[in-house]
Amino acid sequence: MEIALIAHDGKKADMVQFLNKNKEQLNHQNIRLIATGTTGSKAESAGIKVKKMLSGPLGGDAQIAARVAEGKTNMVIFFKDPNSSHPHEPDINMLIRICDVHNIPLATNESTAQLLLNALKQ
């Protein structure tokens, strides 16, 4: 099971809090985590093992979308900041579209992400 982690700058602290809350489950041997560059660095600082891609604006969102399309990524947790604009918005929309096309669960906030992780426990 591969889970991708992405967080806009305004949501990185929320992502770290979410990761700390779910650290035991996320460090499970059957879960592999990937993340965009800066989000991955923040995850590592929280003690979470993660493979880092490029940062979002440099193509990390596109790298993760490609992994979704290839069937490698099974879930995406993307804490989006709805209150700010992002120059790489087309990449973000492409990632969301690819998740929809390939029927991959995508959480864009902590409540939905928690529901998805809770579903994995069952």
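- To the nearest 0.5 Å, atoms CD1 (Ile64) and CD1 (Ile34) are separated by 4.5 Å.
- Here the closest heavy-atom approach between residue Pro82 and residue Lys11 is recorded as CD-CE, 4.2 Å.
- Looking at Gln63, its side chain does come within 3.5 Å of a backbone N or O of Leu54 through a donor-acceptor pair.
- A donor-acceptor pair is defined here as one N or O able to donate and one able to accept, closer than 3.5 Å; such a pair exists between the side chain of Asn109 and the backbone of Thr112.
- Residues Glu2 and Lys72 are not paired through a salt bridge, judged by the lack of any N-O separation under 4.0 Å between the basic side chain and the carboxylate.
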Item checked: Test side-chain contact (heavy atoms from CB on, under 4.5 Å) applied to Ile3 and Met1, step by step -> CA-CA 7 Å; Ile3 301 173; Met1 161 74 56; 4.1 Å; yes

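- When side chains are defined from C-beta on, Phe79 does not count as touching Leu5, because their heavy atoms never get closer than 4.5 Å.
- Taking CD1 from Ile48 and CE from Met15, the interatomic distance works out to 11.0 Å, rounded to the nearest 0.5 Å.
- Cluster membership for Phe78 and Val16, using ILVMFWY side-chain heavy atoms within less than 4.5 angstrom, is not shared.
- Nearest heavy-atom pair, Thr36 versus Gly60, reported as atom, atom and distance to 0.1 Å: CG2-C, 3.8 Å.
- Of the possible polar contacts, none joining the Glu110 side chain to the Asp14 backbone as a donor-acceptor pair under 3.5 Å is found.
- No more than 12 heavy atoms of other residues, nucleotides or ligands sit less than 6.0 Å from atom CD of Glu24.
- With hydrogens and angles disregarded, a donor-acceptor distance shorter than 3.5 Å links the side chain of His28 to the backbone of Asn30.
- One side chain, Thr39 or Lys12, offers a donor N or O that lies under 3.5 Å from an acceptor on the other.
- Counting non-hydrogen atoms of other residues, nucleotides and ligands closer than 6.0 Å to CG of Asn103 gives a total of 12 or fewer.
- Partners of Glu44 under the side chain to side chain contact (heavy atoms under 4.5 Å, CB included) rule, at least two apart in sequence or in another chain, are Val50, Lys52.
- Under a hydrophobic clustering in which Ile, Leu, Val, Met, Phe, Trp and Tyr are joined whenever their side-chain heavy atoms come within less than 4.5 Å, directly or via other members, Leu106 and Met53 fall into the same cluster.
- Summarising the geometry, atom CG belonging to Asn20 is positioned 10.0 Å from atom CG belonging to Leu26; distances are rounded to the nearest 0.5 Å.
- Residues Ile98 and Ala65 come closest through the heavy atom pair CG2-O, 3.5 Å.
- Contact record, Asp81 with His8: N-ND1, 2.9 Å, taken as the closest heavy-atom pair.
- The same ILVMFWY cluster, assembled from side-chain heavy atoms under 4.5 Å apart, contains both Ile31 and Met75.
- Separating the CD1 atom in Ile6 from the OG1 atom in Thr38 is a distance of 12.0 Å, to the nearest 0.5 Å.
- Applying the salt bridge (Lys or Arg N to Asp or Glu O under 4.0 Å) rule to Lys42 yields no partners; only residues at least two apart in sequence or on another chain are considered.
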Margin query: Between Leu33 and Lys49, does the side-chain contact (heavy atoms from CB on, under 4.5 Å) criterion hold? Intermediate values first, please.
Written below: CA-CA 7 Å; Leu33 298 174; Lys49 184 179 175 184; over 6 Å; no

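- Of the inter-residue distances, the one linking Ile96 atom CD1 with Asp91 atom CG reads 11.0 Å to the nearest 0.5 angstrom.
- Summarising the geometry, atom CD1 belonging to Ile77 is positioned 4.5 Å from atom CZ belonging to Phe18; distances are rounded to the nearest 0.5 Å.
- At a threshold of 4.5 Å between non-hydrogen side-chain atoms, the residues Asp61 and Met94 do not count as touching.
- Put simply, the side chain of Lys51 reaches to within 4.5 Å of the side chain of Arg32, judged on heavy atoms.
- Checking side-chain atoms of Lys23 against main-chain N and O of Ala46 turns up a donor-acceptor pair under 3.5 Å.
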